[in-house]
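What follows is a single structure, written as structure tokens, with notes after it.
This one's a predicted model, so the numbers in the text were calculated from it and none came from an experiment.
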Amino acid sequence: MSGYIDPTTEQFKAFMSLNDPGPIWMLNLVRFRDVAAYEDGRIATGAEAYRAYSVASAPYFLAVGGRIVWTGDPRIVLIGPEDERWDTAFVAEYPDAAAFGGMVTNAEYQSILYHRRAAVEDSRLIRLAPAAIGKLFG
């Protein structure tokens, strides 16, 4: 089974149609390939290719006002499929959905996505509405 790497056109339209004011958070769960799948045959691990994506995408991420608000090192799935694992987890904040949409549709940003596609075996990207932090769940 092939993993989830890019959104479908329908998913992106639904994402952009949400009318949440203010900042949005994007929960990223990423599993790397053991060996990156570069079309030009270059050799790298998935983690190395994802690092190249991170460095190459930074100017676009920062230009739209993006910032990392949380990052963690996934250890084990306690509730969920036992074979599910993630190599990295983080939450990226954008000023609004338009900032995220502008970044991912930018032609120059699109030209560096080959690093991410080579790196990622599977991923989840979930839009969150930031909420006040409290002492109770939910």
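- Put simply, F90 and V55 are part of two different groups of oily side chains (I, L, V, M, F, W, Y) that touch within less than 4.5 Å, one to the next.
- Atom CG of D73 and atom OG1 of T88 lie 7.5 Å apart (nearest 0.5 Å).
- Checked against side-chain contact (heavy atoms from CB on, under 4.5 Å), P59 has no partners two or more places apart in sequence or in another chain.
- Between S57 and R116 the shortest side-chain heavy-atom distance does not fall below 4.5 Å.
- By the 4.5 Å heavy-atom criterion applied to side chains, D122 and W86 are counted as neighbours.
- Two residues are said to be in side-chain contact when any heavy atoms from C-beta on lie closer than 4.5 Å; Y94 and M26 meet this criterion.
- Looking only at side-chain heavy atoms (C-beta outward), L125 and F15 stay at 4.5 Å or farther from each other.
- Taken from CD in E93 to CZ in R67, the straight-line distance is 4.0 Å, to the nearest 0.5 Å.
- With hydrogens and angles ignored, the 3.5 Å screen pairs no side-chain donor or acceptor of R31 with any backbone N or O of E121.
- Placement of I68 and L128 in two distinct hydrophobic clusters is found when ILVMFWY residues are connected by side-chain heavy-atom separations under 4.5 Å, directly or transitively.
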Worksheet entry | Residue pair R117, D6: steps toward the side-chain contact (heavy atoms from CB on, under 4.5 Å) verdict | CA-CA 8 Å; R117 291 180 180 128; D6 294 310; 2.9 Å; yes
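- The closest side-chain heavy-atom distance from F12 to T105 is below 4.5 Å.
- Taking the six-membered ring where the residue is Trp, F32 and Y50 present tilted rings, their angle falling between 30° and 60°.
- Both L27 and W25 are part of a single hydrophobic cluster, where members link through side-chain heavy atoms under 4.5 Å apart.
- Taking a 6.0 Å sphere around CD1 of I76, one finds it holds 12 or fewer heavy atoms contributed by other residues, nucleotides or ligands.
- Interatomic distance, M103 CE to L62 CG, rounded to the nearest 0.5 Å: 10.0 Å.
- The environment of R51 atom CZ is sparse: at most 12 non-hydrogen atoms of other residues, nucleotides or ligands sit within 6.0 angstrom.
- The two atoms that bring A119 and G46 nearest to each other are CB-O, 3.2 Å, heavy atoms only.
- When atom types are taken as modelled, the side chain of Q110 and the backbone of V104 share a donor-acceptor pair closer than 3.5 angstrom.
- Within the 3.5 Å criterion, the main-chain N or O of V91 finds no donor-acceptor partner in the side chain of N28.
- Closest non-hydrogen pair, A14 versus S17, comes out as O-OG, 2.9 Å.
- At a threshold of 4.5 Å between non-hydrogen side-chain atoms, the residues L113 and Y53 count as touching.
- W70 and F100 fall into different hydrophobic clusters, where Ile, Leu, Val, Met, Phe, Trp and Tyr residues are linked whenever their side-chain heavy atoms come under 4.5 Å apart, directly or through other members.
- Contacts of E48 classified as salt bridge (charged side-chain N to carboxylate O under 4.0 Å, His left out), with partners at least two apart in sequence or in another chain: none.
- Pairing each heavy atom of A97 with each of R127, the nearest pair is CB-NH1, 3.6 Å.
- H115 NE2 to I112 CD1: the interatomic distance, rounded to the nearest 0.5 Å, is 7.0 Å.
- One hydrophobic cluster, built from ILVMFWY side chains closer than 4.5 Å, holds both I126 and V69.
- Atom CG of D96 is separated from atom CG of L18 by 12.5 Å, given to the nearest 0.5 angstrom.
- Rounding to the nearest 0.5 Å gives a distance of 4.0 Å between CG of D40 and CZ of R42.
- Although no hydrogens or angles enter the test, the distance criterion places a donor-acceptor pair under 3.5 Å between the side chain of R33 and the main chain of V120.
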